Amino acid sequence: MSGPVEIVEMGPRDGLQNEARLIPAAEKIALVDALSGVGFRRIEVTSFVSPRWVPQMGDAAEVMAGITRRAGVGYMALTPNLKGYEAARAAGADWIAVFASASEGFSRANLNCSISESLERFAPIMAAAHADGVQVRGYVSVVTDCPFEGHVSPRQVTRVAQALHEMGCAEIALGETLGRGRPEAIAAMLDAVGQAVPVAALAAHFHDTSGRALENVDVALEAGVRVFDAAVGGLGGCPYAPGAAGNLATERLAAHLRGRGFDTGLDEARLAEVAEMAAGLKQGEVRA
Ligand code: HMG
Ligand code: MG
């Protein structure tokens, strides 16, 4: 196997949303600006969610306003409802992302509503995005394991992925939120989802709690997936998924893909520098 693979950088959003320390906007802006020089086509910058739910992202508009945009990079923001969408658009997000769950328990914990209510909330976002010409990514969380319900069946994941695809999401990112999914479970889930959504529209989003994320990447590559999410320095987790560790580290994923003959288009030397910056940022040592 060879050819291009896109890595979508999650650090500033999925990474920093879970940091105990409230990181100043200037440090987040410095991180995004450094990432903009690495070669990513998309960087998820922030989320326009309730600051009562995720205080770490309360400075979303300030961060979006402060970054230096680089040609060829799409700056993405997460939006759970129309209020979030409107704020993300006003802030100039190039891509927006809606996020649903494959389990009812996680939907409640993360969005305070059922799966079907969340999908209903996305309908006006999709209409507005279509009118505005903005591309939308749709996440499905807990695609193998849920912190509240245990095993999640491939059928549940397929139902939500298909609904997001049918409502117009250009890409469906499959979130293994807990980072505990085994390769066999990932393979079964991808097999089911791939029968309802074209594999070219799928992205894999693996957290790395159990250290199996790279094995799961290999399973997804085998299934034909060519878009992967990762966070520089392995930053992150999800505040509503107790025990979940960070995303797969971008620098590990990039090296792994290169070793397997794929082309990510990333400058790995620069990426290593940003990984060091991310480590310092976690410890509060970054000068912006
Ligand atoms: P709610 O409490 O049911 O909402 O929360 P509400 O409509 O009753 O509003 C409550 C308050 O929030 C109101 O303010 C609203 O104005 C405000 P008040 O009048 O009380 O002062 N509000 C907002 N403020 C700013 N931006 C908004 C917004 N919406 C309402 N967009 C809600 C429902 C969806 C808002 C809440 O549950 C929420 O914000 N959830 C987001 C949780 C989150 O961000 N989780 C992490 C991201 S998902 C993730 O990490 C998984 C992923 O990485 C994939 C994977 O790993 O699986 C993507
Ligand atoms: Mg995540």
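Owing to the predicted nature of the structure, the values given are computational and were not obtained by experimental measurement. Counting convention: from 1, in listed order, for ligands and their atoms alike.
Here Val143 has no heavy atoms under 4.0 Å from ligand 1, in either its backbone or its side chain. Residue-level proximity to ligand 1 for Arg13 is carried by the side chain, the only part with a heavy atom below 4.0 angstrom. Residue contacts with ligand 1 for Val54 involve side-chain atoms from C-beta outward but no N, CA, C or O (heavy atoms, distance under 4.0 Å). Of the heavy atoms in Met10, none comes closer than 4.0 Å to ligand 1. Contacts of Asn110 with ligand 1, taken as heavy-atom pairs under 4.0 Å, involve both backbone and side chain. With a 4.0 Å cut-off on non-hydrogen atoms, Trp53 touches ligand 1 through its side chain and not its backbone. Heavy atoms of Asn81 found under 4.0 angstrom from ligand 1 belong exclusively to the side chain. With a 4.0 Å cut-off on non-hydrogen atoms, Pro80 touches ligand 1 through its side chain and not its backbone. When heavy-atom distances to ligand 1 are checked against a 4.0 Å cut-off, Glu176 has no atom that comes that close, whether in backbone or side chain.
If you number the atoms of ligand 1 from 1 as listed, the ones under 4.0 Å from a heavy atom of Ser141 come out as 51 (C), 54 (C), 55 (C), 57 (O). Against a heavy-atom cut-off of under 4.0 Å, Leu78 is close to the following atoms of ligand 1: 47 (C). Interface atoms of ligand 1 facing Asp14, defined by a heavy-atom separation under 4.0 Å, are 50 (O), 53 (O). Counting atoms of ligand 1 from 1 in the listed order, those under 4.0 Å from a heavy atom of Gly84 are 31 (N). Listed by number with element, the atoms of ligand 1 under 4.0 Å from a non-hydrogen atom of Asn112 are 1 (P), 2 (O), 3 (O). Near His207, with a cut-off below 4.0 Å to any heavy atom, the atoms of ligand 1 are 56 (O). Proximity to Pro51 (heavy-atom distance under 4.0 Å) selects the following atoms of ligand 1: 24 (N), 25 (C).
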For this session: List the steps and the verdict of salt bridge (charged side-chain N to carboxylate O under 4.0 Å, His left out) for Arg258 and Asp263.
Result: CA-CA 6 Å; Arg258 177 172 36 77; Asp263 178 15; over 6 Å; no
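Under the 3.5 Å distance criterion, with hydrogens and angles disregarded, a donor-acceptor pair is assigned to the side chains of Ser36 and Tyr75.
At a 3.5 angstrom cut-off on N or O pairs, Phe99 does not count as close to ligand 1.
Of the possible donor and acceptor atoms, none in the side chain of Thr177 sits under 3.5 Å from a partner among the backbone N and O of Ser141. A side-chain donor-acceptor contact under 3.5 Å links Arg21 to the backbone of Leu281. In terms of modelled atom types and a separation under 3.5 Å, the side chain of Asn216 and the main chain of Gly181 share a donor-acceptor contact. Between the side chain of Ser50 and the backbone N or O of Arg52, at least one donor-acceptor pair lies under 3.5 Å.
Counting only residues at least two apart or on different chains, the side chain to side chain donor-acceptor pair (under 3.5 Å) pairs with a member in residues 217-228 are Asp218-His256, Asp218-Arg260.
Within a 6.0 Å sphere centred on CZ of Arg69, other residues, nucleotides and ligands contribute more than 12 heavy atoms.
The heavy-atom pair separating Thr158 from Ala196 by the smallest distance is CG2-CB, 3.6 Å.
Only one option out of Asn247, Leu31, Ile7 pairs with Val232 in a side-chain contact (heavy atoms from CB on, under 4.5 Å); it is Leu31.
Taking Arg70 as the reference, nothing meets the side chain to side chain donor-acceptor pair (under 3.5 Å) condition, with sequence neighbours excluded.
Nearest N, O or S atom of Asp14 to the Mg ion (ligand 2): atom OD2.
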